[in-house]
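Read through the structure below, which is laid out as structure tokens, and then see the notes.
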Amino acid sequence: MIRHGVQRLLLALPVLFGVLLIGFLLMQVVPTDPATVRAGPQATAEVVAAIRTELGLDEPVWKQFFLYVWRLAQGDLGVSIINNVPVSQELGNTIGPTLELMFAALVWSIPLGIALGTVAAYLRGSFVDRVVMAISVAGVSVPVFFLGLLLIWLVGFQWQLLPFTGRGGPLWTMDGLLAIILPAITLGGVFVGPVARMTRSAVVDALQAEHVRTARAKGLGEGAVVRRHALRNALIPVVTLIGLQIGFLLGGAVVTETIFSWPGVGRLAVGAILSADFPMAQGTIIVLSAGFIIINLVVDLLYGALDPRVRG
Amino acid sequence: MSTPLLEIDGLRTVFRTSSGDVPAVDGVSLTVRRGQTLGVVGESGCGKSVLSLSIMRLVAHPGRIAAGRVLLEGRDLAALSAAQMRAVRGRDIAMIFQEPMTSLNPVHSVGFQITEGLAAHEPGLSRAELRDRGIEALRRVRIPSPERRLEEYPHQLSGGMRQRVMIAMALAGSPKLLIADEPTTALDVTVQAQILDLLRELQAQMGMAIILITHDLGVVAEMADEVAVMYAGKVVERTDARRLFDDPQHPYTLGLLGSIPRLDEERENLLAITGSVPPPFALPPGCRFAPRCPFAIPACDAAQPPLLEVEPGHGAACIRAPIEESLAA
């Protein structure tokens, strides 16, 4: 089990390197010159040239990349071009709120999705099944930004029930809790549908299994049959698919944070990209991809916990 | 005579299809006496598995029991509520299936699967008591070091061990009736013999009755007291095991026996029954075996022959039975 974990961790290193390379190259093709941005609109050509030399932007691209990776290996993420704040410090400030938002989004959407999917699978072909599936198709189809704007307009603006800008404070305070509700509904809302659909199809399959008949032949009640012998087995594919979907959730976090002014990594990323703050943008890309890799690692380990055949 | 343990009377199980209800079990009547073994024999598709699921009321949609009664010690199982029926399953009647790999849940340990049924029937049992009962159940089916096996998962066991676990699970609740649906079909021949020996020993020890569903007449010869031969959803012959082999009356049984290779007889060819079982949605109007029967006469197509006693305790559903006499005539 531990060896398995270490193996997966080592495999993540080349992935991370690939992410760095692609992130770096993407920033190269952006038609904005960081030196010009840094120098400001009134700067002379000489000043811009001087800044370019200072930032090392006149070096060949491959040299810039390896210098960047070299610094990164030493834990140096660079300094913001815009305000000279170290990138690592900004990331440190924003990562907490992002984790908070992700947690608040997942803590209700995954259980709800699994519950809806299981009920739909058990009552396959019934009215309930069709209603659940209709809701989940709607959930899959609604873009994050639309759901967010709708909630802001209705709940926040028209009915004035909940705050919709920024983080109200730590989660254990009332303000903090109230402020996270709308962003968490927005981000989690797009997740319920896919989870419900995945769970439904996995539970439908699991219910056909012969061991379900064995369980009934033992005299178990339907609740125990579905929970222990269908849902428990179905969780293996469901967890795998959830792991894959979390990538979209990170994308959704960028959008959600932006529309709710949530002070997280996603909003930082958008700001950095829009202002051509290359070191900052790259820092956020690293954090978001590392998040994705870690989540997949966790899923992998969970897989081992759920399926004794993988434990070997 | 006391009431039999299980009495099946005119059981009819149908499957709903786009072209109407199709019978898989069509008017089957059988009795099982306490501590005895009833063998139910037939080709695949003859309805023997559906029969066993019907007894347990576990026929899956779109199948349903359309008529007939199943009496367990005189109690009509069809009249029980879902909760009462659950109390019967696993405690009064237990079941083992053909494929021990897929019939066990791969994600739960052997111990969990054996004890969860017990826990459902006797909610008062503590964890330690359940564990003890699990160990006892594994020991009963001769699994070595049961304490350790309890923690293992199905994929860690061999095919024979898995079937032993299935048997341990079924017998953990000390049922009065064990339904064994092709219990040895998926196993190697040597393991088959071990499992059959084990079943016989456990039956002698615990005194349960067994309904043994099989296509294998060798298994029937070894295990059964009484035998019912099924064809296309109907019982075509019913008698004790000795008479079935010595003096078969239905042409279908004759055909089945003719297709067993024997070492003590010279035979040019094995006799095969020509043709195939009619599909349940296109059954012939008269005797269902008539199209394949070498002894068929025009009257066979006129009406379905009832199961009539040829001699006391020996029934055959054939208007030409007893065959030898009718051929001699």
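Naming convention: chains lettered A, B, ... in sequence-line order (proteins, then strands); numbering from 1 in each chain. Given the structure is predicted, the values throughout are model-derived calculations rather than measurements.
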message: Please give me the minimum heavy-atom distance between Glu222(A) and Arg86(B), naming the atom from each residue.
response: N-NH1, 4.4 Å
field: Side chain, backbone, both or neither of Leu104(B) within contact of chain A (heavy atoms, under 4.5 Å)
entry: backbone
Which of Thr102(B), Ile96(B), Asn105(B), Val88(B) touches chain A most, by non-hydrogen pairs under 4.5 Å: Asn105(B)
message: Run the ring pair (Phe, Tyr, Trp, His ring centres under 6.0 Å) test against His121(B) and tell me which residues pass, sequence neighbours left out.
response: none
field: Proximal component of Leu118(B), with respect to chain A [non-hydrogen, under 4.5 Å]
entry: neither
task: Using a heavy-atom cutoff of under 4.5 Å, enumerate the residues of residues 211-221 of chain A that contact chain B, numbered in order, or state 'none'.
output: His211(A), Arg213(A), Thr214(A), Arg216(A), Ala217(A), Lys218(A), Gly219(A), Leu220(A), Gly221(A)
message: So for Met169(B), is it side chain, backbone, both, or neither that comes closer than 4.5 Å to the heavy atoms of chain A?
response: side chain
field: Most chain A-contacting option - heavy-atom pairs closer than 4.5 Å, from Ala120(B), Pro175(B), Gly117(B), Pro106(B)
entry: Pro106(B)
field: Minimum heavy-atom distance Pro308(A)-His155(B), with the two atoms named
entry: O-CE1, 3.5 Å
Side chain to side chain, Val107(B) and Ile236(A), heavy atoms closer than 4.5 Å: yes
query: For chain A, which residues of residues 157-168 of chain B have at least one non-hydrogen atom nearer than 4.5 Å to it?
result: Met166(B)
- prompt: Would a distance-only check, ignoring hydrogens and angles, find a side-chain to backbone donor-acceptor pair under 3.5 Å from His108(B) to Arg228(A)?
  reply: yes
- prompt: Side-chain contact, heavy-atom cut-off 4.5 Å: Glu116(B) with His229(A)?
  reply: yes
- request: May I ask you to check whether over 12 heavy atoms, not counting those of Arg142(B), lie within 6.0 Å of atom CZ?
  value: no
task: For residues 99-120 of chain A, pull every pair meeting side-chain hydrogen bond (donor to acceptor under 3.5 Å, both in side chains), keeping only residues two or more places apart or in separate chains.
output: Glu100(A)-Arg167(A)
